[in-house]
Amino acid sequence: MEDELIELLNTLSYPVLRQGSLSPTAKYPDTFITFWNNETIEHSAYDNESVSEDIDFDVNVYSNNPTTTYDLLDNIKVLLKNNNWVIYDRGHDVASDEVSHTGRGISIAYLNNI
Amino acid sequence: MGRFKCKLEFDGVLSVLNKIESMNINKNDACEKALITSKRLVNDKLYKDTNKSNFPASGKYSHGQLKKSIDNDYSVSWQGMCCSIKIGYDFLVSGVESVFLMYGTPRMNPARKLKSDIYGAKTRKDIRIAQKRTFMKIIERSN
């Protein structure tokens, strides 16, 4: 599902990176999206085989324009909801390495039938 | 991120509470004990895992402030019929250090262990088991 999530986020035409993957010397893009897979746990099993799994991600937006941060995050929520993702944490602040950028994130989950 | 509130929830919680009420045990005290047990469980995990090996750069920049900020206030607050207890790190002591660590930054991976100790599925499962055991013990002692 990670690939599907990245593909979805890429439709918004901003760089999509894994949280923590920006090198210490790389410059922050003006606006970008990061993601992180918190956990993937078995939801149900039958006959000793996993049947479905809960996949939990954080998706964050960073921008040097606070309005863009909030607006883009709202667009992401709509996009993900339309693609069957559950947004169980609808917004929290996240820390930014650069004082020029504001960060805000959501936590999402997907019930994947294996 | 504020302090996460640990909820009283497990399968059959209503029937257990009804049983407690029918035995004339103080329901509110029982709920408080269950929440306190839940908080002890989470705090044990946090004390164990808030160490340099779980921090970025192997804790090179750690000064021990985060561990000191683990919330040790076991008071249960009531709002009408609803009781709650706060768990996690106290922002007044450690500031937003826990936010940096749990959610990471574009240049720093999240500290997964710390986040899962509070929010993780295993922790939520352990809490449900601990709460149910607390209520069962209360019922057994009254028999």
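Residue numbers begin at 1 in each chain, while the letters A, B, ... track the order of the sequences. Side-chain atoms are counted along with the backbone in the values below, which use heavy atoms only and exclude waters and symmetry mates.
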Colleague: Between A/D58 and chain B, which part of the residue has a heavy atom less than 4.5 Å away: side chain, backbone, both or neither?
Modeller: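 Side chain only.
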
Colleague: Measure A/L17 against the heavy atoms of chain B and call it side chain, backbone, both or neither at under 4.5 Å.
Modeller: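 Contact with chain B involves no heavy atom of A/L17 at all.
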
Colleague: Assign the ring pair A/H101 / A/Y28 to parallel, tilted or perpendicular, where the plane angle (0 to 90°) is split at 30° and 60°.
Modeller: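 Plane angle over 60°, so perpendicular.
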
Colleague: Which answer fits B/R107, side chain, backbone, both or neither, if we ask what part of it has an atom under 4.5 Å from a heavy atom of chain A?
Modeller: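 For B/R107, backbone and side chain are both near chain A.
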
Colleague: So, do A/Y62 and A/F32 have ring centers that fall under 6.0 Å from each other?
Modeller: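 Ring-ring flag for A/Y62/A/F32: true, centres closer than 6.0 Å.
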
Colleague: Given that the side chain runs from C-beta out, which part of A/D56 has a heavy atom under 4.5 Å from chain B: side chain, backbone, both or neither?
Modeller: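 Neither part; nothing is under 4.5 Å.
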
Colleague: For A/N64 and A/S100, test the side chains for any donor-to-acceptor distance below 3.5 angstrom and give the result as yes or no.
Modeller: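 Result is no, nothing qualifies.
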
Colleague: I'd like to know whether B/K27 forms a salt bridge (charged side-chain N to carboxylate O under 4.0 Å, His left out) with B/E32, so could you lay out the CA-CA distance, the side-chain angles of the two residues, the decisive distance to 0.1 Å, and finally the verdict.
Modeller: CA-CA 9 Å; B/K27 210 164 51 173; B/E32 287 189 10; over 6 Å; no

Colleague: Where on A/E39 is there a heavy atom nearer than 4.5 Å to chain B: the side chain, the backbone, both, or neither?
Modeller: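 Side chain only.
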
Colleague: For the atom pair NZ (B/K137) and OG (B/S142), what is the distance rounded to the nearest 0.5 Å?
Modeller: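 B/K137 atom NZ to B/S142 atom OG measures 14.0 Å (nearest 0.5 Å).
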
